Amino acid sequence: MTIKGKTYSLYGSSKGTEHYYRTIRELTDRLLAKCPEEQELLGHVQRTGNDRSLIKKLTSKQVNKPLVSYIRETLKESLSVYTKGVKHHLKTLPLSRRMDDILKTKEYQYHLYMIEIELVNRIYGNAFKKSNYQFALIAHCLRDFRPECKALAGEYESECKACTKDCFIHLGSVLLKKYGIHPFISVSMDLDKLFKKIKAEHKSVGALGIACVPELAQGMRLCIKLGIPPVGIPLDANRCARWMKQCKESSFNLNELEELIK
């Protein structure tokens, strides 16, 4: 069954999300053919997300303008099928919520975030695996809403207590524990404080995020800023109360998660 989000769905026009991940990998390889250094390409992708007026003001030393144009055009052509709901969402977004940087994400920014997540996984994947303490934050909207969630407060955030076998938080937690990663349900509003606390208590730390595309990309940026190697898997669609009037169940690709951490 295809899952439709408020602004995006990794199903696109397919019955699964495998096509999305193939597309992202192929696109990233194409961009690396233009800019072979992964870290340099990441910088260009992040700067490409800036407003066009700012891009025009930046010097050639700060941004490769032909590459910026190529990135935007290439991604729009291949990724628009996954972001069909963005334009309607932005048109109907109440004025009172337009100050929310996540909610006001534009379509081309979604495309850039998708590539950014793939690049960050490639760049920091080995450092994450070598970390002394690896933890994961799983979006709370992934839980099964049929029973009452029995998650309890853990060392840092809430921990899954396996209420139901079909809950994606439970499924993800089981897989993460298999590879020695400590899973938590993400409920904190102050990730900066949380990450600093975890980093202060362990010799070396690696972070894994499972969240909607814009939140995951922003969380990865915060980790990098704090010196924590991040990796992550995006939700198949954004369906929590922040986007919709009420939370609706979502999912993520378990196979891709295992490929990322094994």
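For clarity, every value in this text was computed on a predicted model and none was experimentally measured.
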CD-CG distance between E116 and N121, expressed to the nearest 0.5 angstrom:
10.5 Å
Closest contact, heavy atoms only, S250 versus L235
OG-CB, 4.1 Å
With a 4.5 Å cut-off on side-chain heavy atoms, are Y179 and E258 touching?
yes
By the definition side-chain hydrogen bond (donor to acceptor under 3.5 Å, both in side chains), identify the one residue from K197, K203, K199 that meets it with E201.
K197
dist L32:CG -> I115:CD1 (nearest 0.5 Å) comes out at 9.0 Å
Please tell me if the side chains of K76 and Y108 come closer than 4.5 Å, counting only heavy atoms from C-beta onward.
no
Nearest heavy-atom approach of V213 to P234 is CG2-CB, 3.9 Å
Could you state whether V174 and L137 fall into the same hydrophobic cluster, counting links through intermediate Ile, Leu, Val, Met, Phe, Trp or Tyr residues with side-chain heavy atoms under 4.5 angstrom apart?
no
Under the criterion side-chain contact (heavy atoms from CB on, under 4.5 Å), which of L260, I228, L208 is the partner of F128?
L208
Atom pair OH (Y8) and OH (Y113), whose distance is rounded to the nearest 0.5 Å:
12.5 Å
Q134 side chain to K129 main-chain N or O, any donor-acceptor pair under 3.5 Å?
yes
Rounded to the nearest 0.5 Å, how far does OG1 of T28 lie from CZ of R30?
10.5 Å
Minimum heavy-atom separation for C223 to F195, with atom names?
SG-CE1, 3.5 Å
Hey, quick one: are I169 and L254 part of the same hydrophobic cluster, counting side-chain heavy atoms closer than 4.5 Å, chains of contacts allowed?
yes
Can you tell me if NZ on K34 sees more than 12 non-hydrogen neighbours from other groups inside 6.0 Å?
no
If you compare all heavy atoms of P229 against all heavy atoms of S131, which two are closest, and at what distance to 0.1 Å?
CG-OG, 3.7 Å
Are I102 and L93 connected in the hydrophobic side-chain network, where two residues link if heavy atoms are under 4.5 Å apart?
yes
Looking at T48, is its backbone amide N or carbonyl O close enough to the side chain of R72 to form a donor-acceptor pair, meaning the two atoms are under 3.5 Å apart?
yes
Show, in sequence, the C-alpha distance, side-chain angles and deciding distance for L257 and N253, and conclude whether the side chain to side chain contact (heavy atoms under 4.5 Å, CB included) test is met.
CA-CA 6 Å; L257 175 61; N253 192 308; over 6 Å; no
Just verifying a value: how many Å separate D190 CG and K196 NZ, rounded to the nearest 0.5 Å?
8.5 Å
So, N238 side chain and T7 main chain: donor-acceptor pair closer than 3.5 Å or not?
yes
Can you tell me if H111 uses its side chain to pair, donor with acceptor, with the backbone of S78 under 3.5 Å?
no
Can you find a side-chain donor-acceptor pair between Y82 and H19 that sits under 3.5 Å?
yes
May I ask you to decide if T83's main-chain N or O and Y110's side chain share a donor-acceptor pair within less than 3.5 Å?
no
Please check if the side chain of R239 supplies one atom and the backbone of G5 the other of a donor-acceptor pair under 3.5 Å.
no
Determine the interplanar angle of the H182 and Y133 rings, folded into 0 to 90°, and report it as parallel if under 30°, tilted if 30 to 60°, perpendicular if over 60°.
parallel
Heavy-atom pair of closest approach, residues P214 and W243:
CG-CZ2, 4.1 Å
Please determine whether side chain to side chain contact (heavy atoms under 4.5 Å, CB included) holds for the pair C240 and E215, giving the CA-CA distance in whole Å, both sets of side-chain angles, and the decisive distance to 0.1 Å.
CA-CA 12 Å; C240 76; E215 289 188 349; 5.7 Å; no
Over all heavy atoms of both residues, which pair between K87 and E107 is shortest? Give the atoms and the distance, please.
CE-OE1, 3.4 Å
Are more than 12 heavy atoms, taken from residues, nucleotides or ligands other than H202, located less than 6.0 Å from that residue's NE2 atom?
yes
Side chains of I210 and F168: closer than 4.5 Å at any heavy-atom pair?
no
If the threshold is 4.0 Å, N to carboxylate O, is there a salt bridge linking R122 and D29?
yes
Would you compute the distance between atom CD1 of I233 and atom CG of L216 and round it to the nearest 0.5 angstrom?
8.5 Å
Let's go through Q218 and D101 carefully: what are the C-alpha distance in whole Å and the side-chain angles of both, what is the deciding distance for side chain to side chain contact (heavy atoms under 4.5 Å, CB included) to 0.1 Å, and is it a yes or a no?
CA-CA 10 Å; Q218 292 293 339; D101 287 339; over 6 Å; no
Check whether any side-chain heavy atom of I138 lies under 4.5 Å from a side-chain heavy atom of L176, and answer yes or no.
yes
Do L31 and Y70 make a side-chain contact, defined as non-hydrogen atoms from C-beta onward lying under 4.5 Å apart?
yes
Give a yes or no on whether E77 atom CD has more than 12 heavy-atom contacts from other residues, nucleotides or ligands under 6.0 Å away.
no
Hey, is the main chain of A237 close enough, under 3.5 Å, to the side chain of S9 for a donor-acceptor pair?
no
For S251 and Y11: C-alpha separation, side-chain torsions, deciding distance, then whether side chain to side chain contact (heavy atoms under 4.5 Å, CB included) applies.
CA-CA 11 Å; S251 60; Y11 283 81; 4.3 Å; yes
